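Each chain gets a letter, A, B and so on, in the order the sequences are listed, and its residues count up from 1. Keep in mind that what you see is a predicted model, and the values were worked out from it rather than measured.
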Amino acid sequence: MSAVHRWVQLSTALFVFWLVLSMPLDLSDLLWGLPAAVAAGGLAGAFLWREASPGIGARRVAGLVFYTFDLVRQIVPAALQVARVVLDPALPLDPKMIVHRTPLDDDLERVTLANTITLTPGTHCVDLDGDRVTVHCLSPSFAASLIDGSLDKRISTSIGGVERDE
Amino acid sequence: MNEWSLIPLFWGTLIFLLINAFACLWRGLAGPTLPDRILAANVIGTKTMVVLVLLGLAREQGIWLDVALVYGLLSFTVTLVAGRLLETGRLKGAWKQ
Amino acid sequence: MNRRRAGRILTAVLIAALAVPLMYGMVQLPAPGHADAPAHTNVSAGYIERGAELGGSENLVTGVLLNFRALDTFGEVLVIFTAWLAVAAVAGTASNAERDPVPPSPVVDYVIRLLGPFIAIFALFVIVNGHVLPGGGFQGGVLLGAMLILLSLVMDAETVARAVSARSWIWLRATGVLVFAMVAVMGLPLAGYLFGLPDEPGLRQVLTVALELGIGIGGGAVLAGLFFAIAGADRS
Amino acid sequence: MIDAAHALLVCFLVIAGAAFFFIGTLGLLRFPDFYTRIHAVTKCDALGAGLVLLGLAIWRGPDGEGVRILALIALLLISSPTAGHALARAAFRTGLKPWTRNDGERDGEIPGDASERD
């Protein structure tokens, strides 16, 4: 992906964010927002994302939004399970550290995996190093969907897709 | 627009969250380890952010939302910097590979 | 041991004793701009009547800060800059960062790189809208400083050096002072006295935003500079 | 009728969020070690704050403030797990040992009483 393409992409995202912040809109918001977004996007492209882009295009943004809803649907029942553990007077905990090797190879996918693990009740991502994900789980049963690889698969179908956005 | 006023609910939630935040102070005080204390500070930060938003809606003043956004960002910064300090044992201007 | 425990309990009680009246006071705060508020019944009646017209800003506080009391605000900006000078003189500027044994987590790295530009945009938004909304230069500066500190956790030293050289850091930190001094001197030809703002509303708004930008950028750079200086001094 | 359903939905979301906050606080106070506490805290805080803020955003409707609250939720969904991960990683890399079931049984220790670990 070319540097100019990256610049346009970053600046567009920043400009949209500026518009969200300044609702209700008027002309001076546009006048200030556009140069600010172009400048910040250019600086970010030149220094923060010099070697690669964040790897987020329109398709992936849609995928992430969809994935967020999917995630909430997974989280709520698991949260109730953890709630039961917390409220149980005997605290039925059996914490274990497990190491999972993920097939995902893209930055965004791995970060999404780590944050999904952290947000899913019962598991907490402790370390991410290459494809090794170290996970602390409250009891081994919580990590089932991680170990059998269905979590990796769900992420790669939502935001990996058949072709990358880059 | 709304014929039902939810303002009392917001005030109630707000007070409930403040009580929760004070309870979390206990963990910050008792520790026993440094990460526990940082964690307690982080938790109180999240609660405070929600309290700020609730305050803004309960008092019908939109500016509290911006305050909440700033507060959330600063609380995030504090947790990351504290974690990094814990990890490397020192703070650093820049990291070099 | 017992004394330590007693000290802790005393501290907790004192903090609670401080927090309760503070929270009570915050709930009691009059709504901003409310005419019955004690602060607004005396001198400020005049400000309220003519402040927007004379101050050159839709937000009264900004008008007062940047126009009526511009000299005070200039003093504050100077104090912040001097604070950095003093800390830098005592602690050094920590420009020669050495190798750090533990690389940052890839998750933290990615998220900070992703959020960084958005934090910068939010900071600019707060700065530019300082003349309409509460907020402005100082608050935006805090956000910029937070962003610089966050970025410093994940950026390598060479990229930082390439982005901003040690020499330009000093100019960045002095931005607030310089912009203020410039606007103050420009007041002489434009309005006939130091810190005078011209009558033309458009020009007036541009100057106000320039002041806010100067305070914001200078303040942010100074805050980050304080953090770096103290962080550098800690590793002996 | 629409108004009533709307208000009830907001009520439900806010109260559910507050309940999750409460569970998070309870977990922070009751769990035996840092790693288990951070579990309770990150989940319940992210979910609790998310639900409360979602309720508030629905209450405001699609005006400027509602959209800004949504932005706040997005920030929270990114920052909260990242902060939790960073903290856990820092503790892990500095060698803080996780508590296991056996520890508790061997010492005859009540889970939640962590006064001996330092």
Practice item. Determine the option with the most heavy-atom pairs under 4.5 angstrom with chain A, choosing from Ala86(D), Ala46(D), Gly84(D), Ala74(D). Key: Gly84(D)
Check your understanding: Please walk me through it: do Leu19(A) and Val16(A) pass side-chain contact (heavy atoms from CB on, under 4.5 Å)?
Key -> CA-CA 5 Å; Leu19(A) 294 186; Val16(A) 169; 5.7 Å; no
Practice item. Would you tell me whether Thr36(D) and Asp33(D) have side-chain atoms, one donor and one acceptor, within less than 3.5 Å of each other? Key: yes
Practice item. Could you tell me which portion of Ile23(D) (side chain, backbone, both or neither) has an atom closer than 4.5 angstrom to a non-hydrogen atom of chain A? Key: both
Practice item. Please state whether the side chain, the backbone, both or neither of Ala114(A) comes within less than 4.5 Å of a heavy atom of chain D. Key: neither
Practice item. Might you confirm whether atom CZ of Phe15(A) has over 12 heavy atoms from other residues, nucleotides or ligands at distances under 6.0 Å? Key: yes
Point to revise | Contact leader toward chain A among Ile78(D), Ile38(D), Leu70(D), where contacts are heavy-atom pairs under 4.5 Å | key: Ile38(D)
Point to revise | Proximity breakdown for Leu77(D) and chain A, heavy-atom pairs closer than 4.5 Å | key: both
Point to revise | Whether His39(D) and His136(A) hold their rings parallel, tilted or perpendicular, with breakpoints at 30° and 60° | key: tilted
Review point. Given that the side chain runs from C-beta out, which part of Ser22(A) has a heavy atom under 4.5 Å from chain D: side chain, backbone, both or neither?
Key: neither
Study note, to complete from the structure: Residue from Val85(A), Thr134(A), Val111(A), Thr120(A) scoring the most non-hydrogen pairs under 4.5 Å with chain D is Thr120(A)
Check your understanding: Tell me, side chain or backbone of Leu71(A) under 4.5 Å from chain D's heavy atoms, or both, or neither?
Key -> neither
**Study point:** Side chain, backbone, both or neither of Thr116(A) within contact of chain D (heavy atoms, under 4.5 Å)
**Key:** neither
